[in-house]
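Reminder, nothing fancy here: chain letters follow the sequence lines and each chain counts from 1. The figures that follow rest on heavy atoms only: side chains count, while hydrogens, waters and symmetry mates do not.
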Amino acid sequence: MVRAVIVDDEAEARASLRAMLRRRAEDVEVLAEASSAEEAKAVITQHAPDLVFLDVQMPGGNGFDLLKQLGSWDFDVVFTTASSQHAIQAIRFSALDYLMKPVLGDELRAAIDRHIAKRSDDPEVQRQLLHNIAQPNEQSMKLTLTQGDRTHAIAPAEITWCQADNNYTAVHLADERRFVSARTLKDYDEMLSPLGFIRVHKSALVNRKHVDGVAEGHVRLRNGTRVEISRRRLEEVTHALRG
Amino acid sequence: MRLAALCLFLFAAHVAPAQDPTLVPELLRSLRTAPADSARAQSLVKLCFNLMRSAPDSARMFGEQGLELAQRIGHDKSIADAYNNLGWLALSQGGLKEADSLFVLALDRFKAMNKPAYESVVRSNMGWLAEKKGDRVGALGQFQEALKLAEAGRDTGNVAVILYSIGTNYNKMKEYGHARDYFERALAMERLHGERLDKQGICLMGIGNTYRSEGEKQKAILNYAQAETIFVHIGDLYDAALVAENTGGLYDQDEPTKAALYYNRALKAYTELKSPNDQAYVLSALGYVWMKSGELVKADSSLVAGAALAAATGDLDLVSDFELRLAQLASLQGNSNATRTHYERYIALQDSLRSTANESELLRLRTAFETERSEKDNALLRASDAEKGERLRVRNLQLYGSLALALLALVGVVLIWRNLRLRRKHSEVLEELNGALEDKQARIEEINALLRMKLLRTQMDPHFIHNCLNAIRALSLKADHERADEYLEGFARLLRTVLEHSVRDRITLEEEIAFLKDYVKLEQLRLGDDFTWSITADETLISEEPQISSLLVQPFVENAIWHGLAQRSGSKRLKVVFEERDGAITCTVEDNGIGRTDIPATPGRRSLGLKLTGERLQLLTERLENEGAFQVVDLKDEEGTPTGTRVSLRL
């Protein structure tokens, strides 16, 4: 049984999430609700939940403020947000989970399944999240990458390219290090395309900062690596890298 | 600029006395074995001559040794030769004063020996020296003198060379008629006595140049053609390429395609000769003529290749030239962003070139001043007795020192001021350009924003929204929570996707299909079980993750459902297929509805929907240029009764 707490300033949103959990997630027990960061702190201390559904935007201290005050925490967080590009990027960069409002049933179920499969209450990840939230934009945020049981914080500028490998992604760095991440290339594409990363192939995403040139249907990186451009994207990619 | 470079090249390669470094081993051997000092002195001087270009430092050493030995044994011919050779060395290394005095010494010796042919060689060297100093008239005088001497000495080879040299001088003085006379005389001499065909080619080219300068294109082309034939015949690829390039230059205004032919010929030779700088120049010219003849793709590839070469050779002038050409090309292609980028680079390069030029000018002035000052000091020192001279020197030094400082400061101020003024002028132009571009960008943004709003409005047809809300309300009132929730969730998902897609230009095919399925599922709830549908795409096509324009297909699906199927009784079928045809992704929306020809004559909602879709498509087609092309086929059975509609879209 997953023991959960719902934090949201809107009563309807709390009720709706509770009702959805009742219908779709019988393995989740809602211990309590909180309507502000202040209240949430008390509720969390009292119930020590496994999982907190945490609204990002709340008047008088948002979800992030709560976490900042806690410094570190021993529960999983699933953020809920209506729309805030900055917050979503910070969460995704930190490899944490979020739900877009209005919450959809299958997405809710998937988030709970992910929590059950793997708890992510790594203090290093939590520190990264707090770091990323404090950044003015994604340029200075860091990506959380896990290798074995060690968590690394990687600046996007260090990444030369990402390579899809089924549902995994190999992330190549300028210093020749290589990480394998359990997230899809599509995830990385969505996160990194605002930073000038270009999808050159269905299985490759390159950082244009590390691109040396385009030749013979390949992107040549500064370190000499050649990455194939898919036929369909050749024109678009060539244009994007040149212009 | 390019033509001047050619003349200089010709001078160096063909007109200068022919050194032959392969003779060096033989000479070294005779230097070791020759018993007589006079033979050794001659060998040393010859070594100096033959090593001049390939190893100037060794040449100088041999020359000086030869001079010393010849002076010791009093061998006049070797002394004079040594002076002449050392003078030539000094000339080629920029020591003009030294060269001058050495040539005078050589000339005096030869004159005393009564050897007009040798005298003539020194005279023409003095001619080159004068020319290098920029003294054209002096040069002409020396060459004329050399010509007289060579004729007296019956040295026909040298006569031709001198005639050619006089021609180039007149050419530079823009006296093309005179220049041509001399080139033609040189050509006649070469044809009569010459052993080397290449010299005839050079003369023909000189004649061509004069015609070209006079605007006599046809005559110039004729001479160039002859020259090219000669160079090709003797296998002198480089000169053949030079001539082809010049010929191209004659055609590039009126017959760009023909010019391209010649440029390509030159390019091929330069490529073979691995001469990147020349390749870059020709590619620049090629880019220009391709642009002129409207061959933008070819122009693009020439310019891109050339720019890369230019960048590799580090010739900033050329690189900036390419940036300007690329900017022109981008503007012809209507790519304002690239135009701006290239133009900015061009301006930046020009600025840095100008400041480098200013710096080197400053350096030159400073050096010239220092040299002059020290020479004046020396003169003063010699002119006065020691004590008086010392006082004078100190005073003059102070005077010149302060004058120098003042002058340097003045020059500095002037240069800085000029630089600043240029910079200001350029930044004004740049700002103006940026301003114009920003305005344009702002307008595009504005249009995009309007489009987005419009998309939203038409995408979320108010009737569709009302229908959804009514359906949800009805289900809630009936307490059918299960279906109410299902409906609500579908609606929420759709709303979210539309919001998300409307700010993106391109989405993946998979996303588009998911969106269409969400939409059709909602309609299914309303239309009931009579309605069957399929949305399919080739699996491999989906896995390639192609990108398509967002929100393009849904209006057609909506149209099929609302206007084709909703009004039909009985089974309603909708089929949407994505596939690849002729390299483009095509979407076919097919329904078995009432068809376009059977529209009930009730206007109102229907016409509004069509109008909005039409308007949106028009906007989209404008935005996507030819991407939004679509076809409508009215399906009929054998009797001609409408059986539905099929719309095909190229995405």
**OP:** Can you tell which part of A/M100 gets under 4.5 Å to a heavy atom of chain B, answering side chain, backbone, both or neither?
**Re:** both
**OP:** Quick one: which of B/S543, B/A492, B/A330, B/G490 has the most heavy-atom pairs under 4.5 Å with chain A, could you say?
**Re:** B/S543
**OP:** Please flag which part of A/K186 lies under 4.5 Å from any non-hydrogen atom of chain B: side chain, backbone, both or neither.
**Re:** side chain
Original post:
If you take all heavy atoms of B/D485 and A/R24, which pair is closest and at what distance?
Top reply: OD2-NH2, 4.2 Å
Subject >> Which atoms of B/E580 approach chain A - backbone, side chain, both or neither, heavy atom under 4.5 Å >> reply: side chain
Original post:
Roughly how far, to the nearest 0.5 Å, is CZ of B/R496 from CG of A/L104?
Top reply: 4.5 Å
Subject >> B/T508/A/K202 under side-chain contact (heavy atoms from CB on, under 4.5 Å): CA gap, chis, key distance, verdict >> reply: CA-CA 11 Å; B/T508 63; A/K202 69 171 172 173; over 6 Å; no
Subject >> Over 12 non-hydrogen atoms of neighbours within 6.0 angstrom of CG in A/N167 >> reply: no
**OP:** Return yes when atom CD of B/E510 has more than 12 non-hydrogen atoms of other residues, nucleotides or ligands closer than 6.0 Å, and no otherwise.
**Re:** no
**OP:** Could you tell me which portion of B/R493 (side chain, backbone, both or neither) has an atom closer than 4.5 angstrom to a non-hydrogen atom of chain A?
**Re:** both
Original post:
Any ion pair linking B/E545 and A/R232 (charged N to carboxylate O, less than 4.0 Å)?
Top reply: no
Original post:
Any Lys/Arg nitrogen of A/R23 or B/E482 sitting under 4.0 Å from an Asp/Glu carboxylate oxygen of the other?
Top reply: yes
Original post:
In Å, rounded to the nearest 0.5 Å, how long is the span from CG of B/N335 to NE2 of A/H239?
Top reply: 4.5 Å
Original post:
Tell me, side chain or backbone of B/E511 under 4.5 Å from chain A's heavy atoms, or both, or neither?
Top reply: side chain
Original post:
For B/L326, is it the side chain, the backbone, both, or neither that has a heavy atom closer than 4.5 Å to a heavy atom of chain A?
Top reply: neither
